[in-house]
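So you know, we letter chains A, B, ... as the sequences are listed, proteins then strands, and number each from 1.
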There are 4 protein chains.
Amino acid sequence: MMMEKAERTEAGQTGHVARSDDGANPIAPQPDIPETGPAKRRLESRRKLMEAARRLFVERGYHATRPQDISREAGVGHGTFYLHFDDKLDCFLAFGDEAASELDVIIAAHLVSVQTLDDAVLEMLRGIFEYSRKNPGVLAAALTDISVLSTGEEVDRVVPADRWSLGWGRFLAEMQAKGHVAPDVDTTLAGYLIVGAIRQGGAYASLNGLDRDSTIEAMAKLFVRALK
Amino acid sequence: MMMEKAERTEAGQTGHVARSDDGANPIAPQPDIPETGPAKRRLESRRKLMEAARRLFVERGYHATRPQDISREAGVGHGTFYLHFDDKLDCFLAFGDEAASELDVIIAAHLVSVQTLDDAVLEMLRGIFEYSRKNPGVLAAALTDISVLSTGEEVDRVVPADRWSLGWGRFLAEMQAKGHVAPDVDTTLAGYLIVGAIRQGGAYASLNGLDRDSTIEAMAKLFVRALK
Amino acid sequence: MMMEKAERTEAGQTGHVARSDDGANPIAPQPDIPETGPAKRRLESRRKLMEAARRLFVERGYHATRPQDISREAGVGHGTFYLHFDDKLDCFLAFGDEAASELDVIIAAHLVSVQTLDDAVLEMLRGIFEYSRKNPGVLAAALTDISVLSTGEEVDRVVPADRWSLGWGRFLAEMQAKGHVAPDVDTTLAGYLIVGAIRQGGAYASLNGLDRDSTIEAMAKLFVRALK
Amino acid sequence: MMMEKAERTEAGQTGHVARSDDGANPIAPQPDIPETGPAKRRLESRRKLMEAARRLFVERGYHATRPQDISREAGVGHGTFYLHFDDKLDCFLAFGDEAASELDVIIAAHLVSVQTLDDAVLEMLRGIFEYSRKNPGVLAAALTDISVLSTGEEVDRVVPADRWSLGWGRFLAEMQAKGHVAPDVDTTLAGYLIVGAIRQGGAYASLNGLDRDSTIEAMAKLFVRALK
DNA sequence: GATGAATGAGCGTTCATTCAT
DNA sequence: CATGAATGAACGCTCATTCAT
C-alpha cells in the first residue's frame, strides 16, 4: 500500500534542500542551476514556497499554518505545494533543515579562529544570537518538538534539536581531547543539555526583552564553568 | 479573553487545580472532599476525566487526543467534558498543573533536610527522575511547548515549564543568599537554563536508555560546577 | 495503524441495516424501536440519510454523489453522515444491502405458492420488474460493480450481485432436486448467468422503453428453455 | 456536446480507432502507417499511450488510473496524453474499442466455417475465453459500466457492452433467418441477455477458478437450449 | 510535436464544541 | 448533573486539465 502510494506520488522531491557549503567554506562545488526551462520554474516555485513557509511557520506556528496559506503567500497554486512536498510535515522539516544549515554556516564562520573554550562557547552563542536577530523566531520554530507534530508515524526523522545537540557534543569532545574540557564530562550529554538550556534560555531572554550581550555572557559563563 | 471565556462557562468550574504555593513548597491546601451528594458525583467525574486525559495525553500527545476520546476513556458522556473544562486546552493545562503539583510534592520531600548546593541539586534531579520513573511520559507531555498547541490566541496562559523555571530561579536565589551560589550568577536565567537542560537531557537519556543514576550524577555535577 | 483508526472511529454503525423479516414471514421478532430519547434521534437521522443516499445514488450514480450532497438532501449536518457510515463506500453498500433486502421480500412474496419452474421464473422476474417499477433505477445502482468503486482495498465485501446470483443458484438447485431442472445444469453457474442476463437485459429494456410484460415473458421463456 | 469537445481539440485526433464493420466482421480497413517523419513519432506516442493505458486500466481500474500515470508508464510527457485524447474517458473508450476490435477479429476467425448454432455459440465462447486467457482482465475492464465512470454528462457515448450485445443480436437474427433459432425469440433482447450472462458468468468462473473448457460447454449448452 | 510544472476546484473526512433530552 | 447525537467550518490533499517553454 505504501508502495502503491509512493508510486502514485509525484516525482519531484529532491529531498530536503541541498546543504550549501559556502560561507566559511570557500570552494563550493557549483551545482548546475538551470537558467531557463521548466527546471528553473520548478526551482523558483520551491524557493517561493520555502520562503513563504518560513514566514508563516515563524509567525503563526506549525498548526496554525495551513498548506494553502503557504501556497497563497508564495503566490502559487495550492497543488504546487504538493508538487514540492509530500505533505505539511515534510514542508516543515524542510524549513527546519534549511534553518539548521544556515545556522551551521554562521557558527562555522564564528568558530574560524577561536582557540580557547571560553571563546568557542562565546562565539557559538554569538552566532546563535546573531542568527536569531537576523531571523527572529526561526530557531524557536525550527526547534519545535517533532513528536508534537507527527501523528505517531515518522518519529525516526532526525530533528534539528538532535542534530545540534550532537554537533555540540562532537565539538565538546574535540575540546576535551585538547584538554579544554574536564575529562569527567560526558560530552554527548553535555551537548544535549546545552542545546536544551539555550532553547529555554533564549525563549526567556526574548520574552522578557533581556539585553542580548549580557545574556550571552551570562550563559557563556555558566556553560564554561560547568565544562571546565 | 480569558475573562470572556470564563463568562461563557456557567458551571462552577473548579478550574485549574488549586496551586500549591509554587516552586518547591510541598504542602498544598487540602480542599474539602464531600463524601456524598451531587458534588461527589461531580468530583468523581472530574477525577475520571483527569485520569483519562493524563493517560491519553501521555500515550498519544495533545493533538492526537480528542475530547471525545477522553470522555470515552473516562466512561462519561462527551458533554460532561465541557462541564469540567472550558475547552481542550484548559483540560491539558489542568493535566500539566496536576503533574506539576505532584512533582512539587516529591521534590519538597527530597529537599527536606539538604544543606549544601550539591545535595540540593542532586536531590532535585533525583526527585524529577523518581517521578519520571513512576509516571513515564508525564513530564515530557506536560512540558509540551504551549505555542505549538495554541492556534495563535492564548499564549498568555502560564505553562508548566515557566513555572518550574521560576521555581528553580527562586531556589537558586535562596542558595545565593546563603552563599552557596556564586554572586555573579543571574539566578532567574539559570533557572530557565537548568529546566531546559533537564528537558532536553532527560529526553536524550530516556531515548538512549542511559543509566538513571549516572545520568543524574553527570547532570548534577555540571549544574553545580556552573553555579559555584 | 488500522487498529488505532478503528479505535478513534465513532461508535455508531450497527452495521448494514438489520434485515427485515416481515413480508412473507408472518412472525417477525419486534426489535425494540425506542420511541423517544437520543436513540430515536439517531434512528431518524439514519433513516433520513439512507433515503437521501438512495435518491442520489439512483439519480446521479456513485461517483457523482458526494457525502455532503447526501447530508444536505437528508437535512442533517455533514458530520452526521460520518456518525452513521464509516465512509462513502460504506454508505453505498448499506444502500445496496437495503435494496437487496427489499427485493428479497418482494420475491419471497411472489414465490409463496408457485409450483412449476415456469411459474417460479416468471414470478421472480415479475417480482424484480415490480420492484424496478416501484423503485426506478435502484437495482441498476445497487448492482454497480463494486470493483469499480473501491480503491483496491475491500474487495472481500459481498456484493449484491453475488448475493442474488447465489440465491438463484440455490433456488435452481431446489428445482433440480424436484426434477424441474435438467440434471446436467450447473445450477450455481446458471444462477450467475441469469443475474447477469437480467441486469444487462433490464438495462436494455428500460433504455429502449420496451413493454414490461412482454419483456418478462420473453426473458422467462429463454431462461426456462435453457434450464429444462 | 461531443462536437463542442471536438472543436476544442486542435490536433488531428485520429480519435477512436477506425471501427471494423461491427459485430463479427473480421476484416478491418488497413490505415496507412507512415514509416518516417513526425507522423510516425505521433503514432509511436499514441501506441505507447494505448499500451500503458491498457496495462493500467486492467491493473488498477478506471478511477485509480490517472492520466499522469498513463503518461509516465508510456514514457511520454504528461501533456502528450492530451495531444492524443480529449480526456481520460476518451482514452478509456479508445482502450475499450481496441479490445473490442481485437476480440472481433478472434471471434471472426472462430466463426469462419461453422454451420450449426451449437458450433457457432461454442466457437464464440471459445473465442471470448481465448481472448480472456491471452489478455487477462481486459474484457472485464472494457466492460466497465460507463454510467459508473461518467459524472452525469456523457452517457451518450457508445459502450462496448452495447456494441457486443447488438453484434450478438445481429448474429442471432441471421441464425434465426436460417432457421437455426426458434422464430419466437427476440434476437436483440437475447443478444443483450447473452452478453450479460457472459460477463457475470465469466467473472464467476475466473473468481472461483473454474475449468475453462467445462465452463464454456456448460454456458454453450444453456444458451443453445434457450435459443432453439 | 512534445514537455512537465502549474493549477485550483473539489474531494472525503475530522473534531472541538453545542444543546435538546 | 449528565448525556451523546448533531454540527459545520475547516482540514490536508488529489488529479484532470492547461499552457508557457
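Applying the 4.0 Å criterion to OP1 and OP2 of E:dT14, one finds that C:Tyr82 has every side-chain N and O outside that range. Taking side-chain N and O atoms only, D:Ser45 has a distance below 4.0 Å to OP1 or OP2 of E:dA2. Distances shown here put a side-chain N or O of A:Arg42 below 4.0 Å from the OP1 or OP2 atom of E:dA5. Taking 4.0 angstrom as the limit, A:His84 places a side-chain polar atom (N or O) nearer than this to OP1 or OP2 of E:dA6. Between B:Arg66 and the phosphate of E:dC15, there is a side-chain N or O to OP1/OP2 separation shorter than 4.0 Å.
In this structure, A:Pro67 reaches the sugar-phosphate backbone alone: every heavy-atom distance under 4.0 Å involves primed, P, OP1 or OP2 atoms, never a base.
For the pair C:Lys88 and C:Tyr62, the distance from NZ or CZ to the six-membered ring centre is under 6.0 Å and the angle to the ring normal is within 45 degrees.
Nearest-nucleotide assignment on DNA chain F puts the 5′-proximal partner with B:Val76, out of B:Val76 and C:Phe81. Of the residues near DNA chain E, A:Gly75 and D:Gly79, the one whose nearest nucleotide (by heavy atom distance) lies more toward the 5' end is D:Gly79.
Counting only heavy atoms from C-beta on, B:Thr80 has its side chain closest to F:dT3 among F:dT3, E:dG8, E:dC15. Proximity note for B:His78 (side chain, C-beta onward) versus F:dA9, E:dA16, F:dG4: the nearest is F:dG4. Of the candidates F:dC13, F:dT3, F:dA16, the closest approach to any side-chain atom of D:Gln68 belongs to F:dA16. Residue B:Leu83 places its side chain closer to F:dA2 than to any other of F:dG8, F:dT14, F:dA2. Of the candidates E:dA2, E:dA16, F:dG12, the closest approach to any side-chain atom of B:Lys88 belongs to E:dA16.
Atom P of nucleotide F:dC13 and atom CD1 of A:Ile70 are separated by 11 Å, given to the nearest angstrom. In this structure, D:Leu49 places its CG atom 9 Å from P of E:dA2, rounding to the nearest Å. Counting to the nearest Å, the P atom of F:dG8 and the CG atom of C:Asp69 are 16 Å from each other.
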Encoded 5' to 3' (Watson-Crick or G-U under 3.5 Å; [ ] crossing; | other strand), DNA chain E becomes .||||||||||||||||||||
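The backbone N or O of A:Glu73 lies less than 3.5 Å from no partner atom in the side chain of A:Lys48, so there is not a single donor-acceptor pair.
For the pair B:Ile70 and B:Leu49, the tightest heavy-atom approach, listed with the atom from each and the gap, is CG2-O, 3.7 Å. In this structure, A:Asp87 and A:Tyr82 approach most closely via the heavy-atom pair CA-CE2, 4.0 Å.
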